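FYI, side chains are in, hydrogens and waters are out, and symmetry mates aren't considered; it's all heavy atoms of this structure. Every value quoted in this text rests on a predicted model; they were computed, and no experiment measured them.
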Amino acid sequence: MSWLPLSFGAPMVLWGLLALPVIWWLLRFTPPRPQMEVFPPLRILARVLRREETPQQSPWWLTLLRLLMAALIVMALGEPVFNPREKLPAEGAALALVVDNGWASAADWNKRVATAERLIADAGSNGVPVVIAFTAEKPNAEIGPFDASAALDHLRAAKPRPIPTDRPAVYARVAAALERLPGASVAVLADGLAAKGDEAAFRTLLEKNATRLVWATSDRPSVTGLIGADNQVDGFALTAIRAPGNPAPAQVTAGAFDDKGRRIADATLTFAPGEATATGTMAVPFELRNDFASIALDGERQAGAVRVLDESSKRRRVGLLSQAEADQAQPLLSPLYYIRRALQPFADLVEPSSADLADAIPQLLDQKPAMIIMADVGTIPAQVKQRLVDWVDKGGTLVRFAGPRLAAAGNDDDLLPVRLRSGERALGGALSWTTPQAVTEFPKNGPFADLSPPSEVTVSRQVLAEPTPDIVERTWATLADGTPLVTGMKKDKGTLVLFHVTPEATWSNLPISGSFVEMLRRVVQLSRNQGAAIANAEATAASLAPYRMISADGMLTPPSPDARPLVPGAGPLPVTLENPPGLYGSETGVFAHNLLDASSTFTPLVRPQVSLPVTAIPYAFDESENLKGPLVAIALLLMVLDTLAVFWMGGLLARRPRRAGTAATAAAVLVVLGGLFGHADLARADDSKPGDTQAIEDISKTRIAYVITGEPGVDSISRAGLEGLTRFLVEKTALEPGPPAGVDIAKDELSFFPLIYWPIDATAPMPSQAAIARIDAYMQQGGTVLFDTRDQFSNGIGAGSASPATERLRDILGNLNVPPLEPVPSDHVLTKSFFILPEFPGRFNGSPLWVEASLDASNTENRPVRTGDGVSPIMITANDFAGAWATDENGDPMLPTVPPDPMQRIYALRAGVNIMMYMLTGNYKSDQVHVPVLLERLGQ
């Protein structure tokens, strides 16, 4: 159905979707894996959740997940394509693909490549060879035929070129290749612009062996080019062109850039309806215009919209100076009249306001001219002469014209290129043997070398130069008799030039000839160092190396390996692969070689009228999307989710609680599945009870407990003491207890703690009988209570008069089933469970540590080992263990020992370590005492 944006390359595979009901039936009767549960002691409290599931069939959401996965695989095998495109007519004996890759194709080159790729792909699917040629490549470029893969490689290696196309030569090569492949389809991907020889080129390509024409058209507006950028008196005059016949008006913006690529000026050019030419002016100051290095049209990414500028596009400021009085009635006799007319189109002219040379010359120099022209100026005042000489030495160009004043002034070695003979030379007079002389060929070493000698020019009077050894090198123009007409020389960084005739038509008709304008223009170009380099290069017809090239997209780039040196000529130079548009020369001077000239025009390319079937296609990207990959990826993702769900249902994730990442992933999967398929089957029965969370926390790590007495001072010391003992255990042993826990013996569960420290305080409330009964049950079930009366220096156990703490202890013990007690014997396990200890001090020292008496406690002479197998359920001391163990946040002791012995605190901590080791490994440590006796009995 064509209206659907989806098609299948193998639609028959979709019949596999009919198997989904069978798959559903099989999955519903596949029971999940039975879950295995482990119930260690006390772990039952940690299982606050109970899973309820029926093993007879899999959950509906898992069945739906697997059905969806199977449907995705079937659809992926059907080769689905979203937004499918129509196949192009790439059939027959071969596909001949001719692609314009000249400058006009650069703006939408990617679309052209995408269109060509579709043609080649369809030719490959039909098994058709491909002939591919580009109209702006080297004449010997390989064109095939290729298979589809090789043709794609050639296409992707091609790029637009900043040169015009050469359709006749390329089409002739393609036609020759098709002679061996008659009946081919020809696809023309043109740039839309007509060129010379197109009609014959299409006739050669299509008349013999082609059976179908595929004609590609562009949807972009016609290209716009820049054909003129002239630096005039009031600004830069720009001229742009487009294809004729466009009825819509249009505006384009041009930007001027300096040699660093910075935009420094703008202008707007407007095309009137139906007009093909637009003009505009960049009205910016003279100094800013001379910084222009290139001008480009905005939005036109192609080489025809860019013009590079060289020294010939820069206007010079030229100062004019004359000592003759201006005659307003006879302007043609003014010394500066013809000079002004010759220089105004390409130079900015300045003149002093004073006729006095002492004031006029500084006025000109203050305006920083590139060149100064002196028309018959004689002696230069001494006070300004040195400043004028310095100006020439720093790069200025001084041009002087002869006349009566110069002839009478004598020689000036600093400001004349040659030495002069005194007086004038008259030619053709009544007393002269010579006739007026014509101008002969210009010397090859001067800037006028490429100009034709003006045959109509004659000279009747001149000033003569003294013959010197270097007169030939300094001669730029000569008369027929060999005498110099124009001489010049380099002086430091500047130039001195002398016309040996007057600037008006009194001594010669040169000022009224066309050659005079060209000669002055060449001299003006010498007024800059760059201009001098290029002018000399042009004069000697030397080649200029590529410097900066214009790429096909209109950017200035370094030269490519194909670029060759350019030989400047008199007329427009052709743009080729060897001489692409751009700048030629070096940093000292460049020559601008632009793609379009002032006579360029754009003519739309018209599809040739042929009898072949024609298919018109647009340049466009392939917007079709193959969905096979995404569908397979989604199916694989669902497979991963299915695997994780099976692991979760089988309890595999629950048996690895430490792998938080896996558990988190499984939880995320369950949340996603619950959101997609509902959460009815994921619900669990919550049979948790108050206190279960705390119970789980208490059994997760070994913790020491202390009895909360209700006295803040006593309870804080108990907690600080047990925290200090915990840190010491972590530092000295492999045991890493959790933080100490305060317990209320009347309410809290006591069975989670191996040892409970109970500081006896007479001011604390007496525990209830129920609380004491809970303590008694705790001791009978294997727990140990360490009673600490902390009254060693009041009255200890067994004294004649008991302290209040001891009295309170007796009241408590009177309600407990207390076994017989004895002080810790010297060979008791407590003395060697970790450290070797003879006594058990706390903050006080002297009170014994009372423990359950052994079964044979009366036999003190023959006791190789302790006879007790269990751990004492009760311990009593008066040495204040917690006071000795207590430290603050910085680890500093909170209470002093009595007596103040630093080692007493260390022994107290070691006593705490031995008590904990005894509590946790009592039987094991007791059995180690038998090892020497067992080894002795075994005879080892």
Side-chain angles (χ1 to χ4, degrees), residues 97-110 112-113 116 131-144 146 150-174 177 189-191 193 195-197 201 223 225 293-294 296 301-310 534 537-538 541-569 571-587 589-597 600:
L97 188 61
V98 286
V99 184
D100 283 349
N101 65 325
W103 64 271
S105 64
D108 56 354
W109 176 250
N110 292 333
R112 298 169 189 269
V113 171
V131 175
I132 182 169
F134 300 93
T135 58
E137 294 293 338
K138 296 180 180 178
N140 58 350
E142 189 177 3
I143 64 173
F146 306 105
L152 281 175
D153 292 339
H154 279 74
L155 173 66
R156 290 164 182 167
K159 59 183 180 180
R161 303 285 190 174
I163 62 173
T165 59
D166 185 6
R167 294 194 186 105
V170 175
Y171 286 10
R173 293 190 63 206
V174 175
L189 277 63
D191 58 16
L193 293 181
K196 185 177 180 181
V223 295
S294 64
R301 297 182 58 83
Q302 36 88 5
V306 179
R307 291 194 71 80
V308 289
L309 306 175
D310 56 16
I534 296 303
E538 293 181 30
S543 61
L544 302 174
Y547 181 61
R548 291 288 184 272
M549 301 294 100
I550 302 176
S551 64
D553 59 357
M555 305 298 291
L556 288 180
T557 62
S560 67
D562 297 331
R564 297 290 181 267
L566 177 71
V567 178
L573 302 175
V575 176
T576 62
L577 273 178
E578 290 76 19
N579 294 135
L583 296 171
Y584 291 79
S586 64
E587 293 182 355
V590 291
F591 175 81
H593 183 41
N594 287 297
L595 176 67
L596 305 177
D597 57 33
S600 299

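- Looking at heavy atoms from C-beta onward, Y547 lies out of side-chain contact with L556 at the 4.5 angstrom threshold.
- R156 meets the side-chain hydrogen bond (donor to acceptor under 3.5 Å, both in side chains) test with E117; sequence neighbours excluded.
- Residues V98 and L189 form no side-chain contact, since every pair of their non-hydrogen atoms from C-beta on lies 4.5 Å or further apart.
- Of all non-hydrogen atoms in P160 and S105, the two that sit nearest each other are CB-OG, 4.1 Å.
- Heavy atoms only, all atoms of each residue included: R301 and A106 are closest at O-CB, 3.8 Å.
- Between Y584 and D310 the shortest side-chain heavy-atom distance does not fall below 4.5 Å.
- For the atom pair R307 CZ and L595 CG, the distance stands at 9.0 Å (nearest 0.5 Å).
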Does the pair L573 and H593 meet the rule for a side chain to side chain contact (heavy atoms under 4.5 Å, CB included), with working shown? CA-CA 8 Å; L573 302 175; H593 183 41; 3.5 Å; yes

Pairs under 3.5 angstrom only: tabulate donor-acceptor contacts from the side chains of residues 161-170 to other protein residues two or more places apart or in another chain.
unit_1	atom_1	unit_2	atom_2	d
R161	NE	E137	OE2	3.3
R161	NH2	E137	OE1	3.1
R167	NE	D100	OD2	3.1
R167	NH1	L193	O	3.2
R167	NH1	D198	OD1	3.1
R167	NH1	D198	OD2	2.8
R167	NH2	D100	OD2	2.7
R167	NH2	D191	OD1	2.9
R167	NH2	L193	O	3.0

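- Only one option out of L596, D553, I550 pairs with V306 in a side chain to side chain contact (heavy atoms under 4.5 Å, CB included); it is I550.
- No hydrogens or angles considered: nothing links the side chains of S560 and D562 as a donor-acceptor pair under 3.5 Å.
- For F134, the ring-ring contact (aromatic ring centres under 6.0 Å, His included) criterion is met by no residue, not counting sequence neighbours.
- Minimum interatomic distance between A133 and V174 (heavy atoms only, all atoms of both residues): CB-CG2, 3.6 Å.
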